[in-house]
There are 2 protein chains.
Amino acid sequence: MARYPNVTIKDVAARAGVSITAVSHALNDKGTLSEETRERIRGVAQSMGYQADALARGLRRSQIGVIGIVLRPLDALENYSPPGVDYFLRFAGAAAVSTLDHGLSLMQVADLVKGPVTPLAFSLDGYIVTDPVRDDPVVGLLEERGIPYVTLGRDLGRPDASNWVASADADAARMTLEHLHEQGARTIVCVGGTDDNSWNADVEIAYRDWCERTDQPVRFLRSPEGLGEAGGRDLVPAILDDGMPDAIYSVTGRHAAGIQEAMRERGLVAPRDYLLACGTDADQTRTSDPPITAIDLRPEILARETVNLLVAITRGEAPAGRRLVSSELLVRRSSMRDG
Amino acid sequence: MARYPNVTIKDVAARAGVSITAVSHALNDKGTLSEETRERIRGVAQSMGYQADALARGLRRSQIGVIGIVLRPLDALENYSPPGVDYFLRFAGAAAVSTLDHGLSLMQVADLVKGPVTPLAFSLDGYIVTDPVRDDPVVGLLEERGIPYVTLGRDLGRPDASNWVASADADAARMTLEHLHEQGARTIVCVGGTDDNSWNADVEIAYRDWCERTDQPVRFLRSPEGLGEAGGRDLVPAILDDGMPDAIYSVTGRHAAGIQEAMRERGLVAPRDYLLACGTDADQTRTSDPPITAIDLRPEILARETVNLLVAITRGEAPAGRRLVSSELLVRRSSMRDG
DNA sequence: AAACTTGCATAAAACGATTTATGTATGTAC
DNA sequence: GTACATACATAAATCGTTTTATGCAAGTTT
């Protein structure tokens with residue numbers, strides 16, 4: 001399995017009987033070669049199976065054709081494929097496809113700020129950073145190095161930043177609460193996470209706002225994202241102690257699953273005894289019994305927008321921009337009063 | 001978001017008052033510098049936050065610190081995060097972690113043989129190719145380019161290859177069949193896929209062999225992997241027409257899920273009316289009702305072995321090698337006669 | 001005929017590292 | 001006092017491109 005020397009621009013030049021400059025110009029449509037010579041050189045290059053070395057080209061152009069993606073919540077979890085969370089995988093998968101559409105590719109980079117990081121990390125063309133926390137250190141690092149990036153969700157510590165894409169979290173929360181209200185729920189418990197990101201902030205504000213407008217009691221609880229199902233389970237006693245609510249709206253899917261289990265153990269089943277909805281769709285919400293009403297954040301669209309924005313920035317085509325993507329409410333049995 | 005010029009080896013040399021050769025030697029423990037000078041240079045480099053440019057280094061060394069992974073079955077599906085298949089994601093995730101342990105990183109490369117591919121593809125240090133088909137073109141391409149690779153599962157067209165890691169598929173199949181037999185099953189239908197890879201081949205041979213040894217009828221069916229649940233559903237009429245079997249052993253999880261659904265529609269429920277087992281564990285097999293007995297291929301261990309082997313090869317430490325990883329049978333309610 | 005364009009092609013510098021080939025002192029052997 | 005190691009440091013070549021700066025004809029203008 002020895003490494004064969006690849007055919008280089010020099011080889012092509014020799015075979016075509018021209019200078020390497022000529023070859024470079026012919027293949028990149030630059031310089032002042034005659035169309036005739038260009039054609040001939042292209043032919044020779046093709047026939048020799050020549051492909052420019054990405055490293056050498058990258059060294060000159062300082063563009064390597066790869067963008068990085070950092071999934072902040074998974075950094076925190078220290079687990080890059082946690083069960084019950086397929087949003088990030090769908091997002092990353094869709095982002096990979098979108099980058100391919102631009103002739104680029106995507107590389108997942110684990111935790112840019114602690115421990116040794118891939119040597120290539122600082123040579124990438126740009127970064128996507130999902131769900132940054134307030135004053136996110138990864139964002140800070142990229143900023144410091146002058147590497148272009150786009151965040152998915154806002155960095156709360158950088159209100160002036162204008163390089164982000166986000167889902168319309170507040171709208172989604174309102175939509176969900178209104179749906180539950182329509183189904184007859186009055187007292188609605190809201191369970192959020194503890195990460196200090198725009199998603200949690202937006203949902204909490206929207207919830208409190210909605211409660212005030214509709215004159216309903218505020219019953220807001222929090223559980224660390226990292227605790228997952230267990231975190232949801234643990235909240236149930238506190239929820240019930242305060243009196244049985246009509247509905248529970250859990251922002252994360254894993255909390256919702258834990259809540260559902262713990263409720264069932266107490267003989268409480270949705271939608272018979274309470275309504276249940278959650279803020280992110282996942283395999284679990286689709287296949288659980290009953291299936292859980294959830295917000296589809298439309299990761300595919302988010303990914304496309306994010307990649308387009310980042311690519312535009314790296315190419316110097318667009319100054320930057322903020323883009324909101326609306327979500328969709330998937331109503332399932334867990335929140336259907338007549339279900 | 002302008003790109004700041006990074007600190008280069010030249011800057012460090014200037015600041016330390018030495019040549020760039022000295023800096024390079026100090027940082028890479030080469031050359032004949034005095035320990036004193038070495039220390040001093042390292043200090044200066046550190047204080048300036050110097051980090052060698054990966055592209056420049058890669059150009060010289062022709063090693064970039066990144067290995068590629070190609071998931072062949074997902075290439076065929078043209079979907080890199082299909083629902084109901086978490087084996088590949090677990091494998092890829094575990095492989096990423098293992099590469100980090102070696103100071104390298106992992107990059108997923110979509111379909112190396114058709115369409116435009118990332119420019120970096122042929123500059124990577126090596127490749128992992130999962131479940132190659134017979135005479136796999138991706139393997140052929142890597143071979144041709146002299147790029148080191150390790151396959152997960154054997155390439156049936158390359159019997160002499162000695163650079164693979166595989167799960168002990170035949171053992172796993174026997175283990176499953178024996179379990180079903182112990183639970184009272186005699187007539188067992190086996191459903192395999194149509195991809196021409198070692199996994200399908202091994203399981204089919206083991207099944208036929210087991211039937212012969214135990215004097216049971218051979219009822220082997222096939223359905224394309226790409227059809228997923230629908231493929232499983234479609235087989236059910238044929239299965240029932242031949243007479244109700246005691247058990248069904250489906251090699252893929254998605255076929256199993258489809259079979260389970262179609263059977264249920266006919267009022268047939270496992271384990272009451274038949275036993276059900278499947279050859280790969282997934283979220284679906286864990287959370288379905290009833291949970292389905294499945295083989296855990298132990299993707300984490302497979303990934304570690306695969307990465308270790310590949311890294312050893314790229315570093316010229318090991319000549320190559322074949323490694324088998326045994327699987328584990330996760331017995332769940334779908335195959336428990338007294339369940 | 002000298003002075004400009006135009007059209008085409010190439011030489012050489014640059015990107016940022018690593019590695020090979022050379023020095024230059026200083027100390028030791030004969 | 002010449003020859004020969006030894007210890008330390010650097011100059012220059014190299015990796016494979018892209019890009020900038022030159023160069024040389026042939027044709028045009030004055």
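Since the model is a prediction, treat every value here as computed from it, not as a measurement. Lettering of chains follows the sequences in order, A, B, ..., and the numbering in each one begins at 1.
Within the 4.0 angstrom heavy-atom criterion, no nucleotide atom of any strand lies near Glu36(B). Heavy atoms of Asn6(A) sit nowhere under 4.0 angstrom from any nucleic acid atom. Residue Ser34(B) is classed as a sugar-phosphate contact, given heavy-atom separations below 4.0 Å to backbone atoms only. Across all strands, Ile20(A) comes closer than 4.0 Å to base atoms (heavy-atom distances).
Evaluation of atom-type donor-acceptor distances gives a pair under 3.5 Å for the side chain of Thr21(A) against the base of dA11(C). At a cut-off of 3.5 angstrom, the base of dT17(D) holds no donor-acceptor pair with the side chain of Arg60(A). For dA9(D), the base has no donor-acceptor partner in the side chain of Ser19(B) [N/O atoms by modelled type, under 3.5 angstrom]. Residue side chain Thr32(A) reaches the base of dA9(C) through a donor-acceptor N/O pair under 3.5 Å, judged by distance alone.
The residue among Thr8(A) and Val18(B) whose nearest nucleotide of DNA chain D is located toward the 5' end is Val18(B). Projected onto DNA chain D by closest heavy-atom contact, Leu33(B) and Leu59(B) fall at different nucleotides, the more 5' of which corresponds to Leu33(B).
Between Gln51(A) atom CD and dT18(D) atom P there is a gap of 12 Å when expressed in whole angstrom units. For His25(B) and dA17(C), the NE2 to P distance is 14 Å, given to the nearest whole Å.
Listed candidates were dT17(D), dA9(D), dT19(C). Nearest to the side chain of Arg57(A) is dT17(D).
For the residue pair Thr21(A) / Ser24(A), no side-chain donor-acceptor distance below 3.5 Å is found, with atom types taken as modelled.
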